[in-house]
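One structure below.
Chain naming here is simple, since letters A, B, ... match the order of the sequence lines and numbering starts at 1 in each. Remember, predicted model here, so these are calculated numbers, not experimental data.
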Protein chains: 2
Amino acid sequence: MFSRACEYGIRACIHLAQISKEGGRSSLKAIAAAIDSPVAFTAKILQTLAREEIIVSVKGPNGGYEVEASRLDVITLDDIVDAIDGNSIYRGCGLGLKHCNAKKPCPLHFQFKKIRDELKEMLQSTSLNDVATGLHEGLAFLKR
Amino acid sequence: MFSRACEYGIRACIHLAQISKEGGRSSLKAIAAAIDSPVAFTAKILQTLAREEIIVSVKGPNGGYEVEASRLDVITLDDIVDAIDGNSIYRGCGLGLKHCNAKKPCPLHFQFKKIRDELKEMLQSTSLNDVATGLHEGLAFLKR
DNA sequence: TTTATATCGGATAAATATGTCCGACTTTAA
DNA sequence: TTAAAGTCGGACATATTTATCCGATATAAA
């Protein structure tokens with residue numbers, strides 16, 4: 001569904017949301033440990049997310065990454081997916097056709113559209129705050 | 001959503017369904033031309049589908065591939081996806097966690113589950129006959 | 001029985017995704 | 001001012017997916 005990079009990205013953001021909510025900050029190493037991902041590869045992804053202004057990077061000692069608390073309700077999973085995987089999940093044809101649309105549809109166009117629209121709706125309506133809450137309450141897990 | 005191989009596989013099967021419905025047969029070259037896919041790569045995929053007994057390969061002159069007409073209603077898109085991509089779409093965690101389940105869920109487990117169940121339902125309830133019909137009526141397209 | 005036509009399957013190549021390494025740069029704190 | 005902690009970004013390495021090539025094999029028809 002998503003690329004591995006995107007999976008790590010989402011997990012990292014959820015972790016950061018939880019930390020940031022309490023006014024904290026998490027270093028690259030701490031993030032990789034929290035979400036059980038390769039450190040260097042995670043660094044690349046965090047750089048992308050910082051460039052896209054989804055997270056904030058703080059250099060120097062006691063630095064790391066954080067999410068602005070005021071934006072926890074604004075940033076959605078869709079923002080993260082879009083930053084890393086682009087809009088291919090929504091845009092692309094389910095059967096890989098270049099020019100598939102309602103007027104010239106592939107045989108599964110409308111069936112796929114329904115499912116995709118739901119995925120889109122879910123990603124767009126789920127904020128970092130939403131998922132961080134379940135995590136904090138011990139109802140959900142980010143690794144293993 | 002699916003691997004490219006799987007996309008080609010589905011398109012090939014839909015094309016074959018249409019041809020087989022009229023008692024015909026289609027050669028590797030004809031299939032690749034019909035669905036606009038690389039010939040040699042398509043050959044591999046067709047071999048897999050034949051090994052999984054979703055399609056039938058006929059060697060020699062006037063040979064090619066076909067789907068048994070009696071099975072057009074039985075074979076579903078899910079069978080094709082399973083033969084090529086396996087069950088990773090349903091099984092795997094949306095966030096890439098190894099051991100994500102209802103008892104120890106990732107923060108998005110239940111949201112993903114809903115969408116996946118729908119995808120599963122769609123793939124399992126759509127037969128080759130279903131999609132071939134729309135194609136034949138000129139309502140849908142397999143290339144470009 | 002021969003020939004032409006197809007698929008089969010193993011080896012190989014190219015492209016992309018995933019993952020690593022390291023020197024440069026930035027910033028905080030001593 | 002300097003040292004330590006941390007990110008940045010480019011080059012490189014590996015794995016997987018996608019794609020190609022070609023000889024072997026099977027089969028129908030002449």
Side-chain angles (χ1 to χ4, degrees), chain A residues 1-12 16 19 24-67 81 83-86 88-89 92 95-96 98, chain B residues 1-13 16 19-20 24-67 81 83-86 88-89 92 95-96 98:
Chain A
M1 189 161 281
F2 305 126
S3 69
R4 195 153 305 178
C6 194
E7 292 175 351
Y8 292 150
I10 296 174
R11 278 150 67 187
L16 279 178
I19 302 285
R25 189 180 286 168
S26 194
S27 73
L28 169 59
K29 279 184 193 173
I31 295 171
I35 69 173
D36 192 23
S37 65
V39 177
F41 192 42
T42 304
K44 296 292 185 198
I45 297 161
L46 293 173
Q47 278 169 39
T48 300
L49 291 171
R51 229 180 290 121
E52 298 284 331
E53 300 186 338
I54 290 170
I55 63 178
V56 177
S57 88
V58 181
K59 291 186 178 180
N62 297 319
Y65 296 90
E66 60 186 38
V67 180
V81 173
I84 301 175
D85 278 356
S88 58
I89 323 168
L95 296 184
K98 291 280 190 304
Chain B
M1 189 161 283
F2 306 127
S3 69
R4 194 155 306 179
C6 194
E7 291 175 352
Y8 292 151
I10 296 174
R11 275 149 68 186
C13 284
L16 278 177
I19 301 284
S20 299
R25 187 180 288 166
S26 194
S27 74
L28 168 61
K29 278 184 193 171
I31 295 171
I35 69 173
D36 192 24
S37 66
V39 178
F41 191 43
T42 305
K44 295 293 184 201
I45 297 161
L46 293 173
Q47 279 169 38
T48 299
L49 291 171
R51 229 179 290 122
E52 298 285 330
E53 300 186 336
I54 290 170
I55 64 178
V56 176
S57 87
V58 181
K59 291 184 177 181
N62 297 320
Y65 297 90
E66 60 187 37
V67 180
V81 172
I84 301 175
D85 278 355
S88 57
I89 322 168
L95 295 185
K98 290 281 188 305

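When the side chain to side chain donor-acceptor pair (under 3.5 Å) test is applied to B:Ser88, no partner is found at least two apart in sequence or on another chain.
As rounded to whole Å, 14 Å separates atom P of C:dA6 from atom CD of B:Glu66. In this structure, A:Asn62 atom CG and C:dA29 atom C1' are separated by 9 Å, rounded to whole Å. Distance, A:Arg25 CZ to C:dT27 P: 13 Å, rounded to whole Å.
Within the structure, every pair that satisfies the side chain to side chain donor-acceptor pair (under 3.5 Å) test and touches residues 54-67 of chain A, not counting sequence neighbours, is listed here: A:Arg25-A:Glu66. Counting only residues at least two apart or in different chains, ring pair (Phe, Tyr, Trp, His ring centres under 6.0 Å) contacts with residues 35-58 of chain B comprise B:Tyr8-B:Phe41.
Using a 4.0 Å heavy-atom cutoff across all strands shown, A:Leu28 reaches sugar-phosphate atoms only and no base atom.
Position along DNA chain C of the nearest nucleotide to A:Cys6 versus A:Gly60 favours A:Cys6 as the more 5'-ward residue. For A:Gln47 and B:Pro61, each mapped to the nucleotide of DNA chain D holding its nearest heavy atom, the one lying further toward the 5' end belongs to A:Gln47.
Between chain B and DNA chain D, the heavy-atom contact criterion of under 4.0 Å yields a 5' to 3' nucleotide range of D:dT18 to D:dA28.
Residues of residues 51-59 of chain B that place a heavy atom closer than 4.0 Å to DNA chain D, in numerical order, are B:Lys59.
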Under 3.5 Å, sequence neighbours excluded: what are the donor-acceptor pairs made by side chains of residues 26-34 of chain A?
unit_1	atom_1	unit_2	atom_2	d
A:Ser26	OG	A:His15	NE2	3.1
A:Ser27	OG	A:Ala30	N	3.2

Distance-only criterion, 3.5 Å: show the donor-acceptor pairs between side-chain atoms of residues 45-53 of chain A and protein atoms not counting sequence neighbours.
unit_1	atom_1	unit_2	atom_2	d
A:Thr48	OG1	A:Lys44	O	3.2

Collect all protein-nucleotide pairs involving nucleotides 19-24 of chain C in which both atoms are nitrogen or oxygen and the distance is under 3.5 Å.
unit_1	atom_1	unit_2	atom_2	d
C:dG19	OP2	A:Tyr8	OH	3.4

